[in-house]
Amino acid sequence: MLTRLLTIALVAASWRTSDACSCSLEHPQTHFCNSDFVIVGRVQRLFRGKDFYDAYKVKIRSVFKATPKAALALKSGRILTPSQDSLCGVSLQPRETYVITGRVMHLQAHVQLCSYINKWREVTPRQRKGFRVLYRQGCTCKVHINRRSTKSPNTCVAGYDECYERHGICLHDRDRRCRWTRAPALTRCLQKQYHNNNSTMT
């Protein structure tokens, strides 16, 4: 019994989540940079655990990031998630392909509610390019969603803006300042948003 209580405490502390499983908003680039692994995988089946974890059997199609420990953990194709809602477990659909970010604990791959998990078919082309190449280049920058402006040269601000989440990538410019890179999709999204806002006000 004591072992089980310690396990629950360890999981809760490791993921730093509240009882209500609230997660702070984070940009996909932040998820990429802070994760031990980032993969695209097709969920094959779910194995219900006897204790506190369920395991998804995943066919890994692409590995965008993996620490040495994560590379070992992913060889099994099993990804663990808490089996209880109070510990922030996630529910994935069999035969669906996802981009998944996660952590490694005790040489096992783990995901939970605050991980970045999205159906691959719903990931924008710009996000795909980010996961494949560009997010990694921007890991020395920080992306803040809960701010409207910043004076820090190492920070990009998204300000709760879906356009930056879906199309924004924060990289260093020639002056070594972190800035949102120019992209047609981001420009179009911001212009549409501006037009919609003005239409609403008139």
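Remember, it's a predicted structure, so these values are computed and weren't measured experimentally.
Of the two cysteines examined, C88 and C114, the SG atoms fail the criterion of being under 2.5 Å apart. Not less than 2.5 angstrom separates the SG atom of C156 from that of C141.
Proximity of I39 to I79: side-chain heavy atoms (C-beta onward) are separated by under 4.5 Å at one or more points. Put simply, the side chain of T140 reaches to within 4.5 Å of the side chain of H172, judged on heavy atoms. Looking only at side-chain heavy atoms (C-beta outward), V99 and Q127 stay at 4.5 Å or farther from each other. Counting heavy atoms from C-beta outward, V43 and E96 have side chains that stay 4.5 Å or more apart. With a 4.5 Å cut-off on side-chain heavy atoms, F37 and K65 do not count as touching. Two residues are said to be in side-chain contact when any heavy atoms from C-beta on lie closer than 4.5 Å; R42 and W120 fail this criterion. Two residues are said to be in side-chain contact when any heavy atoms from C-beta on lie closer than 4.5 Å; Q29 and C170 meet this criterion. Side chains of T155 and C178 form no contact here, defined as non-hydrogen atoms less than 4.5 Å apart.
Side chain of T181 to main chain of I169: a donor-acceptor pair is present (N/O by atom type, distance under 3.5 Å, no hydrogens or angles). Within the 3.5 Å criterion, the main-chain N or O of R126 finds no donor-acceptor partner in the side chain of R166. S83 places a side-chain N or O within 3.5 Å of a backbone atom of F52 that can act as its donor or acceptor partner.
Separation of the F131 and Y116 ring centroids falls under the 6.0 Å cut-off.
Between D161 and Q193, the closest heavy-atom pair is OD2-OE1, 2.9 Å.
Under the 4.5 Å side-chain heavy-atom criterion for Ile, Leu, Val, Met, Phe, Trp and Tyr, Y135 and F64 are members of the same hydrophobic cluster.
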